[in-house]
Protein chains: 2
Amino acid sequence: MSPRNVRVRAVRAPLVADRQSSAEVDLGPLSGFIGYRLRRAQLAVFAGFEQALRGIGLSPGQLSVLVVISRNPGLTQSDVCTALGIQRANFTPLLHELEAMGLAVRQVLPADRRSNTLRLTSLGRDVVARALALHERLERRITDCLGESGRAQLAELLCKLEMV
Amino acid sequence: MSPRNVRVRAVRAPLVADRQSSAEVDLGPLSGFIGYRLRRAQLAVFAGFEQALRGIGLSPGQLSVLVVISRNPGLTQSDVCTALGIQRANFTPLLHELEAMGLAVRQVLPADRRSNTLRLTSLGRDVVARALALHERLERRITDCLGESGRAQLAELLCKLEMV
DNA sequence: GACAGATAGTTATGATAAATAACTAATTGT
DNA sequence: ACAATTAGTTATTTATCATAACTATCTGTC
């Protein structure tokens, strides 16, 4: 126990012994965590989104808002927020960007002057159509990867998962 | 086509006509987008994570790092980064937090003094064990929701999706 | 009709995750 | 010995999400 007994072995011990090559890292229970898999998958898919929609300049969130407005003209901001799970406070600047890009317009609802109804401009409709067309590529790549049935299963499982 | 022929109809059009109740919002193609479903599902699961691990005070990212270190003591920072898909630059402060919490230690690798090998403290091992136990609850809730086979399918599909 | 309470939108702010660039120190190969 | 890499750090930027406080408007009740 005295310092003397500390062998040189301790010093020249195989310090690299339990070093692992990054190829063989064991994720342990992590690899079974749905949350972990979700995070990695989402990062990959969002990267694919940016790549597929390059040149359009829309974020996933922006596109989702435009699609909802396009399918439901006249919705209020709050309606869109609850439909997409966005906080009203965060929606305001997002929407103003879409307005600044000339893609959407706010219009005070006369029946309730607190509310704004939302519509796309004709440019907005064009851009959504183009974005959806480009987005098809991404979805096709995913289908190629998972198979048609795998893709459908995944969509359904994710849908269930939202209400855990 | 002359201005005269523009009927009053245009003016007193039913301005509230196409208002929709938020219950019946049509997500259109969005509901089939894997990326959209991923985002919503991940938000739900991460909220569940925070709820399940309340009191431990670890983020999903922090726990993932601790688990990897625990299963692979002696990995360098870069190893952990590539294993988990984290940027080295973002890893530094994350790791320093874990060190400050007394859960992990950095140790210069003598064989390559640029590298730091990582290990858990005994406190770190305790905390990981407790965190994993609590995390089981979340995974069980997910399994209850998707079924055992659904859960396995989901994990596999997400895994494939990472390499799209 | 007046007024308390609720709602729609906005503003400001803070926390977190992720990406990029530039830097230091140490190593490698020639 | 020296150029080119590599590991880690620092600083900065951006995007997303959450919370609280504010205004303007509306609703229900007396």
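When the side chain to side chain contact (heavy atoms under 4.5 Å, CB included) test is applied to B/R106, the partners found at least two apart in sequence or on another chain are B/Q77, B/L95, B/H96, B/E99, B/N116, B/L118. For the side chain to side chain contact (heavy atoms under 4.5 Å, CB included) test, no residue two or more places apart in sequence or in another chain qualifies with A/D126. Annotation: side chain to side chain donor-acceptor pair (under 3.5 Å) contacts of A/E162 (sequence neighbours excluded): B/R37. B/Q153 meets the side chain to side chain contact (heavy atoms under 4.5 Å, CB included) test with A/Q153, A/L157; sequence neighbours excluded. Remark: B/A44 pairs with no residue by the side chain to side chain contact (heavy atoms under 4.5 Å, CB included) rule, at least two apart or across chains.
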Between the protein and nucleotides 23-30 of chain C, list every N/O to N/O distance that falls short of 3.5 Å.
from   : atom 1 : to     : atom 2 : distance (Å)
C/dT27 : OP1    : B/R113 : N      : 3.0

Please write out each protein N/O paired with an N/O of nucleotides 15-19 of chain C under 3.5 Å, distance rounded to 0.1 Å.
from   : atom 1 : to    : atom 2 : distance (Å)
C/dA18 : OP1    : A/R39 : NE     : 3.4
C/dA19 : OP2    : B/Q87 : OE1    : 3.4
C/dA19 : N7     : B/N90 : OD1    : 3.2
C/dA19 : N7     : B/N90 : ND2    : 3.0
C/dA19 : N6     : B/N90 : OD1    : 3.0

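The stretch residues 92-106 of chain A touches DNA chain C through A/T92, A/H96, A/R106, each having a heavy atom within less than 4.0 Å of the strand. Contacts between residues 157-164 of chain B and DNA chain C, defined by a heavy-atom separation below 4.0 Å, involve no residue at all.
In this structure a side-chain-to-backbone donor-acceptor pair under 3.5 Å is missing from B/T143 to B/E148. In this structure, A/E136 contributes its side chain and A/A133 its backbone to no donor-acceptor pair below 3.5 Å. Checking side-chain atoms of B/N72 against main-chain N and O of A/V25 turns up no donor-acceptor pair under 3.5 Å. Distance alone, capped at 3.5 Å, places no donor-acceptor pair between the B/E97 side chain and the B/L94 backbone. Side-chain atoms of A/D79 come within 3.5 Å of backbone N or O of A/T76 as a donor-acceptor pair. Checking side-chain atoms of A/R113 against main-chain N and O of A/V108 turns up no donor-acceptor pair under 3.5 Å.
A single hydrophobic cluster is seen to contain both A/F91 and B/L27, as judged by linkage of ILVMFWY side chains at heavy-atom distances under 4.5 Å, directly or through other members.
Under the ring pair (Phe, Tyr, Trp, His ring centres under 6.0 Å) criterion, the residue pairs touching residues 103-144 of chain A are A/F49-A/H135, A/H135-B/F33, with sequence neighbours excluded. Sorted by first then second residue, the salt bridge (charged side-chain N to carboxylate O under 4.0 Å, His left out) pairs that include residues 44-67 of chain A, not counting sequence neighbours, number zero.
The span of DNA chain D lying next to chain B, judged by atoms under 4.0 Å from heavy atoms, is bounded 5' to 3' by D/dT5 to D/dC17.
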